[in-house]
Amino acid sequence: MATLSAIVDYLDILLQPAAFQDYCPNGLQVEGRPEVNVLISGVTACQALIDAAIEQQADAVLVHHGYFWKGEDPGITGMKQRRIKALLENGISLLAYHLPLDIHDEVGNNVQLAERLGFEIEGSLAEGSGPPLVLHGRLPGNPSPEALAEHIGRRLGRAPLHIPGRPVDTIRRLAWCSGAAQQFIELAADAGMDAYLSGEISEQTVHIARETGIHYYAAGHHVTERYGVQALGTRLAHEFGLQHTFLDIDNPV
Ligand SMILES: [Zn+2]
């Protein structure tokens, strides 16, 4: 059991949300009751996750994808009204961390994804003055491009879409970024990587892979972002003695 404000203060120190320029507010997005005992974590604060949290009598929900995204209609109507109404009526807080949770060096999505995939981290690829979103490193054993696809599928429980690049025997250097992140493929190719892994693919990603020669793996936006929020929820549970459950609301994208 902990107070909501103690949890928010702890996350302010751990994730430093004020240091980020993001597409959404990071932190407490919807305020529920002041005490937290049951915490539910999930990738996205969709209605299914909220309904499950109500069912489990949660006091707070922790997500990577919350609400109030830049450019969206700020009105609380329709789908957004139903979600927020359900949270408020049940006294459930919503805590959401986007970029601060992607890049954190312990509980971040990219580090947690590397751990899940057995990638050794060697560094990050700089993208202007922005935060270091893309990590690079290697998979011990330097697999073939096909073996890497199989490995990713086995570890993540879902086969990735592999767009072959240049014919190579082994993948020696690879870069990755959780979430959509297909736009960083050229950054990875320019840095001399043999392969790049992200969540979502676009039509043009195929041509970039073919023409730069980099092997590309689309492993799923949801799948690649399951691990950071789980690690963060587990950490909060240990720190504050909370009852924590990660709920995987499946998403094929
Ligand atoms: Zn995302």
Side-chain angles (χ1 to χ4, degrees), residues 1-20 22-102 104 106-109 112 178-179 221-223 225-251 253:
M1 182 78 85
T3 64
L4 176 63
S5 61
I7 293 171
V8 173
D9 288 349
Y10 176 85
L11 290 169
D12 277 348
I13 292 167
L14 182 71
L15 301 176
Q16 297 288 317
F20 290 81
D22 208 337
Y23 311 100
C24 63
N26 288 297
L28 183 61
Q29 291 193 339
V30 178
E31 186 177 353
R33 55 183 146 271
E35 305 264 291
V36 177
N37 183 34
V38 178
L39 176 71
I40 296 293
S41 63
V43 176
T44 300
C46 60
Q47 190 70 52
L49 185 73
I50 296 165
D51 291 346
I54 293 167
E55 180 106 349
Q56 301 205 14
Q57 299 183 310
D59 302 301
V61 171
L62 174 72
V63 295
H64 181 50
H65 300 141
Y67 304 149
F68 315 119
W69 296 90
K70 205 177 268 182
E72 78 179 22
D73 183 341
I76 299 178
T77 57
M79 187 175 83
K80 188 158 54 167
Q81 184 267 354
R82 292 190 291 277
R83 291 169 167 187
I84 292 172
K85 181 172 183 236
L87 287 169
L88 290 172
E89 276 183 351
N90 289 279
I92 300 173
S93 297
L94 178 66
L95 292 152
Y97 295 88
H98 184 240
L99 287 181
L101 186 56
D102 283 322
H104 191 267
E106 287 167 39
V107 297
N109 277 319
Q112 288 291 324
S178 68
H221 189 143
H222 171 87
V223 164
E225 294 196 322
R226 279 191 301 213
Y227 307 108
V229 76
Q230 259 181 95
L232 184 58
T234 302
R235 185 157 172 161
L236 289 176
H238 285 146
E239 194 69 30
F240 293 100
L242 309 178
Q243 198 183 310
H244 166 238
T245 311
F246 170 75
L247 293 177
D248 197 10
I249 307 295
D250 184 52
N251 184 329
V253 171

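Bear in mind that the values here come from a model prediction, so they are computed numbers and not experimental data.
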- Task: With sequence neighbours excluded, give me every ring-ring contact (aromatic ring centres under 6.0 Å, His included) pair touching residues 23-54.
- Result: none
- Message: Any non-hydrogen side-chain atom of Val38 less than 4.5 Å from a side-chain atom of Gln57?
- Response: no
- Message: The criterion is side-chain contact (heavy atoms from CB on, under 4.5 Å); which residues satisfy it with Thr3, sequence neighbours excluded?
- Response: Ser5, Ala6, Glu35
- Message: Would Cys46 and Arg83 count as a side chain to side chain contact (heavy atoms under 4.5 Å, CB included) here? Give the steps.
- Response: CA-CA 7 Å; Cys46 60; Arg83 291 169 167 187; 3.8 Å; yes
- Note on the structure: The side-chain contact (heavy atoms from CB on, under 4.5 Å) partners of Arg82 (sequence neighbours excluded) come to Gln47, Met79
- Using only heavy-atom distances, determine whether the side chains of His222 and Asp250 contain a donor-acceptor pair under 3.5 Å. no
- Message: Could you check whether any side-chain N or O of Glu239 sits under 3.5 Å from a backbone N or O of Arg235, counting only pairs where one atom can act as donor and the other as acceptor?
- Response: no
- Note on the structure: Rounded to the nearest 0.5 Å, the NE2 atom of His244 sits from the CD1 atom of Ile40 at a distance of 7.5 Å
- Message: Run the side-chain contact (heavy atoms from CB on, under 4.5 Å) test against Pro34 and tell me which residues pass, sequence neighbours left out.
- Response: none
- Note on the structure: Contacts of His104 meeting ring-ring contact (aromatic ring centres under 6.0 Å, His included) (sequence neighbours excluded), chain-then-number -> none
- Task: Working to the nearest 0.5 Å, report the span between CD1 of Ile54 and CD of Glu89.
- Result: 8.0 Å
- Query: Asn26 and Leu99: which non-hydrogen atoms are nearest, and at how many Å?
  - Reply: OD1-N, 4.3 Å
- Heavy-atom side-chain proximity of Ile7 to Leu95 below 4.5 angstrom: yes
- Task: Dump the intermediate steps for side chain to side chain contact (heavy atoms under 4.5 Å, CB included) on Glu225 and His65, then the final yes or no.
- Result: CA-CA 10 Å; Glu225 294 196 322; His65 300 141; 2.9 Å; yes
- With a 4.5 Å heavy-atom cut-off, do Leu94 and Ile50 have their side chains touching? no
- Query: Going from CG on Leu62 to CG on Leu242, what distance comes out if it is rounded to the nearest 0.5 angstrom?
  - Reply: 10.5 Å
- Query: What do the steps show when you test Thr44 against Ile249 for side chain to side chain contact (heavy atoms under 4.5 Å, CB included), and what is the final call?
  - Reply: CA-CA 8 Å; Thr44 300; Ile249 307 295; over 6 Å; no
- Note on the structure: When rounded to the nearest 0.5 Å, the distance separating NZ of Lys80 from CD of Glu72 is 4.0 Å
- Item | Contact check, side chains of Val36 and Phe240, non-hydrogen atoms, under 4.5 Å | no
- Got Leu11 and Leu236 here, is their nearest side-chain heavy-atom distance under 4.5 Å? yes
- Message: Would you say that Val229 contacts Tyr97 through its side chain, given a criterion of any heavy-atom pair below 4.5 Å between the two side chains?
- Response: no
- Donor-acceptor contact present, side-chain Asn90 to main-chain Ile92, <3.5 Å: no
- Pair Ile76-Lys85, side chain to side chain contact (heavy atoms under 4.5 Å, CB included): steps then yes or no: CA-CA 9 Å; Ile76 299 178; Lys85 181 172 183 236; over 6 Å; no
- Note: Gln29 and Tyr67 closest approach over all heavy atoms is OE1-N, 2.7 Å
- Message: Testing the basics here: between Gly66 and Ala96, what is the closest heavy-atom pair and its distance to 0.1 Å?
- Response: CA-CB, 3.7 Å
- Message: For the CG atom of Leu49 and the CG atom of Leu247, what is their distance to the nearest 0.5 Å?
- Response: 6.0 Å
- Residues passing the ring-ring contact (aromatic ring centres under 6.0 Å, His included) test with Phe68, sequence neighbours excluded, are none
- Query: Taking C-beta and beyond as the side chain, do Asp22 and Pro17 meet within less than 4.5 Å on heavy atoms?
  - Reply: no
- Query: Can you tell me if Glu31 uses its side chain to pair, donor with acceptor, with the backbone of Ser93 under 3.5 Å?
  - Reply: no
- Rounded to the nearest 0.5 angstrom, the NE2-CZ distance for His98 and Phe20 is 11.0 Å
